[in-house]
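Since the structure is predicted, the reported quantities are computational estimates derived from the model, not experimental observations. All ligand and atom numbering here is 1-based and tracks the order in the structure. All heavy atoms count here, side chains included; hydrogens, waters and symmetry mates do not.
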Amino acid sequence: MAMVAVMDDRVAPAEHSIRADLGVVRHDWTRTEIRALLALSFPELIFRAQSVHRLHFDPSEVQISTLLSIKTGGCPEDCAYCPQSVRYDTGVKADKLMSVDAVVAEATAAKSAGAGRFCMGAAWREPKDRDLDKVCEMVAGVKALGLETCATLGMLTPVQARRLQASGLDYYNHNLDTSPEHYGAIITTRTYQDRLDTLHHVRAAGIHVCCGGIVGMGESVEDRVGMIATLASLAPHPESVPINMLVKVAGTPLDNSETIDPLDFVRTIAVARICMPRSVVRLSAGREDMREETQALCFLAGANSIFYGPKLLTTPNPDRDRDRALMDKLGLTPMV
Ligand code: SF4
């Protein structure tokens, strides 16, 4: 009895006072609120993220996407993490844009392997109109297979976005990469505003937005706060939010960056889940080097999408058998 009395007298720590609107879609997240979430005790943060996740999603379902590089290397941009920039000696060979038939064949194989969405990535600053003609054909061909379509082609004009939408594009990926403050240390060949403008054109064309960032690029905790605050201020929120862990590639300026603590990565996922409750949060690049336990924690923190397939553009990804085994072990099933 004495024990019960002691328990009843306990005062809940402040961090246990959860806002009544947890799980409600908001676009007015302040940096102070996001900073406070990141600083919560790990169990409290995961509990909140999982609570939000369950309000909007089946926690045992994971959306599966496949990513194909339809035009590799030779990009004039200087994104410091990217092995496809011509400015860095990374050994990535520049290829021409793939043929429409070859892309549709890859999409057919991805569908039989269980993918629900097929993403086509091209290493361009922006597509030329003649290249876009071909990409539109690819989009129409992939869509005809019954797959959701996604593309990442660099900056778009409003007209290009509308053309892609008309050809059947469901999603366009264009990441903000990091906070506005850290951005200049990562990319100098286009501005943060350029990125926001492309996102605006994509949204205005009626295409779903896939937009997230990369952690482990030498950013501060405050930069992670700023990145999530910017993503969560987009109205509507991006339907898909990839959170990438930097894959360090020899020859790129970020090759020697300090590796992010896996638990800090999990925290970033959890806060993204809380701030963008209805978005699919994708556990994206960096899984190849991630332990199963870390991936499991990411799913617990609200990640509910992965890329499936042995390569993410030019960097390695776990092979399908390894992913299937992990999903079986965790009792996860593909989202349909
Ligand atoms: S991330 Fe994209 S835009 Fe930047 S260098 Fe790589 S391919 Fe080019």
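- Ring geometry for Tyr171 against His208 counts as tilted: the plane angle lies between 30° and 60°, on a 0 to 90° scale.
- Residues Asp264 and Val215 form no side-chain contact, since every pair of their non-hydrogen atoms from C-beta on lies 4.5 Å or further apart.
- Near-neighbour remark for atom 8 (Fe) of ligand 1: protein N, O or S atoms under 2.8 Å are Cys75 SG; waters not counted.
- Close approach of ligand 1 to Tyr81 is summarised as follows: ligand atoms under 4.0 Å from at least one heavy atom of the residue are 1 (S).
- Side-chain contact between Leu234 and His27 is absent, with no heavy atoms from C-beta onward closer than 4.5 Å.
- Looking only at side-chain heavy atoms (C-beta outward), Ser65 and Arg282 come within less than 4.5 Å of each other.
- Residue Arg190 approaches ligand 1 through these ligand atoms, each under 4.0 Å from one of its heavy atoms: 3 (S).
- Contact annotation for Arg87 and ligand 1: no heavy atom of the residue comes within less than 4.0 Å of the ligand.
- Between the side chain of Trp124 and the backbone N or O of Gly154, no donor-acceptor pair lies under 3.5 Å.
- The side-chain heavy atoms of Glu292 and Leu330, taken from C-beta on, include no pair separated by under 4.5 Å.
- Side-chain contact check for Met120 versus Val142: some heavy-atom pair is nearer than 4.5 Å.
- The protein reaches atom 3 (S) of ligand 1 closely, with a heavy atom under 4.0 angstrom from it.
- In this structure, Glu33 pairs ionically with Arg26, as a charged nitrogen and a carboxylate oxygen lie closer than 4.0 Å.
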